[in-house]
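The structure appears right after this line, and notes come after that.
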Amino acid sequence: MIVLLPPSETKRGGGDGPPLRLERLSNPELNPLRSELIRELVDLASDPVACRSALGVSASQNAEIERNAALRTAPTLPAIRRYTGVLYDALDIDSLRHAEAVRAGARLVIGSALFGLLRADDQAPAYRLSAGSRLPAKPTLPVQWRPLLEPILAQLTTQDLVVDLRSGSYRALGRTPSAIRVDVLAEHPDGRRTVVTHFNKAYKGRLARALATTRAEPDTAAAVATVARRAGMRVERTDNELTVVVTAGPDR
């Protein structure tokens, strides 16, 4: 089983790994576009105004531009520890015991606007590039990534069950029609259901943790739903789509 995670805008700084070596990343067939995007980001970092426009950052976020300028020389961290934020807090990779961490390392894959796909232990620097970023005079990132990512993702889904937890913008980089999709809905006292926004990431992080660490080897959507329910989640299934249902609180 593969659990396909979204990245996060926020990333842990620093690291104790060597500078980026593309040849050591998984899926080396993605390296030509990875290399081109890195070159574009490093060059763009020399023009802060254009960089802020392309990346959607403000003048107070110049540190993000500095990260891109240092992409080739900055220290690295395993990808699963590079990303931070609500989903990754709920996943809480550092709290896993040895056997759980080994299973998580084999099962977790992160979609990335810069690297395409990263395995959990791929060494990555901090960077700023989102799926919706538009680099000057270049096609959109989905246009650039789809021809490369979709064959890899299609092969993954023939070899393993894939649970796709990515957001819509990252699914657009490489579509996975046969993967299991997960939505999170809040149920109100009157029976209405609404899309969960901020807490969507937390519930997907909880689900990712349950799937990454289970001793079971789920091979169907029904089996994935069983793992989620054992983790205390309320899950409904329709074919290859799962819905995590949560009780709406006053802030949802």
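Note that this is a predicted model, so its numbers are computed, not measured.
Applying side chain to side chain contact (heavy atoms under 4.5 Å, CB included) to Ile2 and the options Leu153, Leu156, Leu117 leaves one that passes, Leu156. Between Tyr83 and the options Leu118, Leu91, Leu5, a side chain to side chain contact (heavy atoms under 4.5 Å, CB included) holds for only Leu118.
Val195 pairs by the side-chain contact (heavy atoms from CB on, under 4.5 Å) definition with Leu185, not counting sequence neighbours. The side chain to side chain donor-acceptor pair (under 3.5 Å) search around Thr76 returns Gln123, not counting sequence neighbours. Residues forming a side-chain contact (heavy atoms from CB on, under 4.5 Å) with Ser53 (at least two apart in sequence, or on another chain): none.
Each side-chain hydrogen bond (donor to acceptor under 3.5 Å, both in side chains) pair with one or both residues in residues 5-21, not counting sequence neighbours, appears once here: Glu9-Arg128, Glu9-Ser130, Thr10-Thr84, Arg21-Glu23. Evaluation of the side-chain hydrogen bond (donor to acceptor under 3.5 Å, both in side chains) test over residues 212-229, restricted to residues two or more places apart or in two chains, returns Arg107-Glu217. Sorted by first then second residue, the salt bridge (Lys or Arg N to Asp or Glu O under 4.0 Å) pairs that include residues 139-150, not counting sequence neighbours, are Glu150-Arg175.
The pair Arg171-Asp164 fails the salt-bridge criterion, with no side-chain N (NZ, NE, NH1 or NH2) lying under 4.0 Å from an Asp/Glu carboxylate O.
Annotation for Asp239: atom CG does not count as buried by contact number, only 12 or fewer foreign heavy atoms lying within 6.0 Å.
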- Message: I'd like to know whether Leu129 forms a side chain to side chain contact (heavy atoms under 4.5 Å, CB included) with Leu55, so could you lay out the CA-CA distance, the side-chain angles of the two residues, the decisive distance to 0.1 Å, and finally the verdict.
- Response: CA-CA 6 Å; Leu129 185 69; Leu55 302 181; 3.9 Å; yes
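Side-chain contact, Asn62 with Arg52: a donor N or O sits under 3.5 Å from an acceptor N or O. For Thr243 and Asp183, the side-chain atoms include no donor-acceptor pair closer than 3.5 Å.
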